[in-house]
Structure formats: C-alpha cells, structure tokens
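Accompanying notes for the structure given below.
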Amino acid sequence: QVQPVESGGGLVQAGGSLRLSCTASGRTFSSYAMGWFRQAPGNERQFVAGISGFSWRGSGSIYYADSVKGRFTISRDNGKNTVYLQMNSLKPEDTAVYYCAARIGSVFENPGDFGYWGQGTQVTVSS
C-alpha cells in the first residue's frame, strides 16, 4: 500500500516551467504504476502522464496525453520513492489541480483504475 503526496505546484506565466513531485510511502514503490492526472473546475479528471512499475512487462514504459506530449516529462526515482512531472512551455489551459495516483500493474488512463491518490496540488498558468 502507498500514500502519494504531491508538491511543487504554484503560479507561473505562460511559457514557463514547473516541476511537480510525488513522494509515496511504502517499501514496494518500484512495483507501482504511477500516474499524473489533472482536474480543472467543471471538468472531469483527466489523464496527463503515467509510468509503469518495474515488476511488470513493459516496466518503465511511459505514456502521455496528446495535449502534453513534447512539453511534459514524467520520470521516477525508486530510491527516493518519488515520481516527477516536469512541465515546460506551460499554457493557460494547463491550469488545474494536479493529482498523483498509484496502482499495481500497468498504467491506465482511466482515473477509476487507480486506487491510491494524493491530495492534489494547484497549478495556475497566467496569460
């Protein structure tokens, strides 16, 4: 079992960068697939990026939503029980609460497939 905790959100101008971090407790962090999702007011929670765990076929595989490809980079440091989301070339439409989530197995884009969630961190991009 893991408990994700996000950090690193804030206010940034369009074109700027932010790096989000998610640290998860638990001794088997490396076996969990980790995902970043975001939710803007009035919208459903959306998949942003995911990285698979290291105990499954395709371990370390990375996935991105089309809207962030080429701008966002997900990575993980299993020694620190942490997953990162580097966000570059930010746009006002990236404004949302960003959530970190964990699950055993592969990465899925459906938030309902993730069982462990952080509390979220606000990212606001001004124009």
Side-chain angles (χ1 to χ4, degrees):
Q1 190 168 357
V2 294
Q3 179 57 56
V5 178
E6 306 95 337
S7 62
L11 173 65
V12 64
Q13 289 188 334
S17 299
L18 280 176
R19 188 177 80 158
L20 305 183
S21 299
C22 172
T23 300
S25 61
R27 293 181 296 175
T28 58
F29 173 80
S30 63
S31 65
Y32 282 80
M34 302 298 295
W36 285 99
F37 293 80
R38 66 187 181 187
Q39 187 167 18
N43 290 350
E44 294 182 348
R45 194 165 296 188
Q46 297 178 329
F47 173 79
V48 175
I51 184 167
S52 63
F54 283 79
S55 298
W56 295 84
R57 182 182 304 175
S59 61
S61 297
I62 290 174
Y63 308 86
Y64 295 102
D66 288 343
S67 60
V68 307
K69 282 181 181 177
R71 300 188 299 123
F72 290 11
T73 302
I74 188 172
S75 61
R76 68 190 299 163
D77 184 338
N78 291 327
K80 295 182 178 179
N81 278 23
T82 300
V83 62
Y84 303 97
L85 185 68
Q86 177 66 45
M87 305 185 295
N88 298 329
S89 302
L90 282 161
K91 304 174 181 180
E93 51 263 44
D94 294 318
T95 295
V97 177
Y98 282 70
Y99 296 90
C100 177
R103 72 182 304 274
I104 289 288
S106 304
V107 172
F108 287 92
E109 297 186 4
N110 182 0
D113 289 316
F114 282 77
Y116 304 97
W117 290 86
Q119 80 289 350
T121 185
Q122 177 70 47
V123 171
T124 302
V125 184
S126 63
S127 57

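Count residues from 1 along the sequence.
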Original post:
For the residue pair Phe37 and Trp117, is the inter-centroid distance of their aromatic rings smaller than 6.0 Å?
Top reply: yes
Subject >> Spacing of OG belonging to Ser52 relative to CZ belonging to Phe108, to within rounding of 0.5 Å >> reply: 11.5 Å
Subject >> Side chain proximity check, Val83 to Asp77, heavy atoms < 4.5 angstrom >> reply: no
**OP:** Supply the atom-to-atom distance Asp113 CG to Arg103 CZ, rounded to the nearest 0.5 angstrom.
**Re:** 5.5 Å
**OP:** Compute both the distance and the angle, then confirm whether Arg19 meets the cation-pi test with Tyr84: under 6.0 Å from the six-membered ring centre, within 45 degrees of the axis.
**Re:** yes
Subject >> Over all atoms of both residues, closest heavy-atom pair of Val107 and Ala33 >> reply: CG2-CB, 3.9 Å
Original post:
Is any side-chain heavy atom of Val97 less than 4.5 Å from a side-chain heavy atom of Thr121?
Top reply: no
Original post:
Does Gln3 reach the main-chain N or O of Ser25 with its side chain, forming a donor-acceptor pair under 3.5 Å?
Top reply: no
Subject >> Side chains of Thr23 and Thr82, donor plus acceptor under 3.5 Å >> reply: yes
Subject >> Side-chain touch Cys22/Tyr99, heavy atoms, less than 4.5 angstrom >> reply: no
Original post:
Is there a donor-acceptor pair under 3.5 Å between the side chain of Gln119 and the backbone N or O of Val5?
Top reply: no
Original post:
Is the closest side-chain heavy-atom distance between Val125 and Gln13 below 4.5 Å?
Top reply: no
Original post:
Are Gln39 and Gln46 side-chain neighbours, meaning at least one heavy-atom pair lies under 4.5 Å?
Top reply: no
**OP:** Drop me the distance from Ile104's CD1 to Gln1's CD, to the nearest 0.5 angstrom.
**Re:** 10.5 Å
Subject >> Residue list, salt bridge (Lys or Arg N to Asp or Glu O under 4.0 Å) with Arg71, at least two apart or on another chain >> reply: Asp94
Subject >> For Tyr64 against Ala49, the heavy-atom pair lying closest together >> reply: CD2-CB, 3.6 Å
Original post:
Heavy atoms, side chains only, cut-off 4.5 Å: are Asn88 and Leu90 in contact?
Top reply: no
**OP:** Rounded to the nearest 0.5 Å, what's the gap from CE on Met34 to SG on Cys100? Could you check?
**Re:** 3.5 Å
**OP:** State, without any angle test, whether Glu93 and Thr95 hold a side-chain donor-acceptor pair at a distance under 3.5 Å.
**Re:** no
Original post:
Should the ring pair Tyr32 and Tyr116 be called parallel, tilted or perpendicular, given that the plane angle runs from 0 to 90° and is split at 30 and 60?
Top reply: perpendicular
**OP:** Mind checking the CE-CG spacing from Met87 to Leu18? Nearest 0.5 Å is all I need.
**Re:** 4.5 Å
**OP:** Show your working on side chain to side chain contact (heavy atoms under 4.5 Å, CB included) between Leu11 and Val123 and close with a plain yes or no.
**Re:** CA-CA 6 Å; Leu11 173 65; Val123 171; over 6 Å; no
**OP:** Test the Arg38-Phe47 pair against the cation-pi criterion, namely NZ or CZ under 6.0 angstrom from the six-membered ring centroid and within 45° of the ring axis.
**Re:** no
**OP:** Determine whether Ile62 and Phe29 fall in the same hydrophobic cluster, where Ile, Leu, Val, Met, Phe, Trp and Tyr are linked whenever their side-chain heavy atoms lie under 4.5 Å apart.
**Re:** yes
Subject >> Heavy-atom check, side chain of Gln86 versus side chain of Ser17, under 4.5 Å >> reply: yes
**OP:** Side-chain contact test, heavy atoms from C-beta onward, threshold under 4.5 Å: evaluate it for Tyr98 versus Gln122 and give yes or no.
**Re:** no
Subject >> Atom pair CD1/OG of Ile51 and Ser61 - distance to nearest 0.5 Å >> reply: 8.5 Å
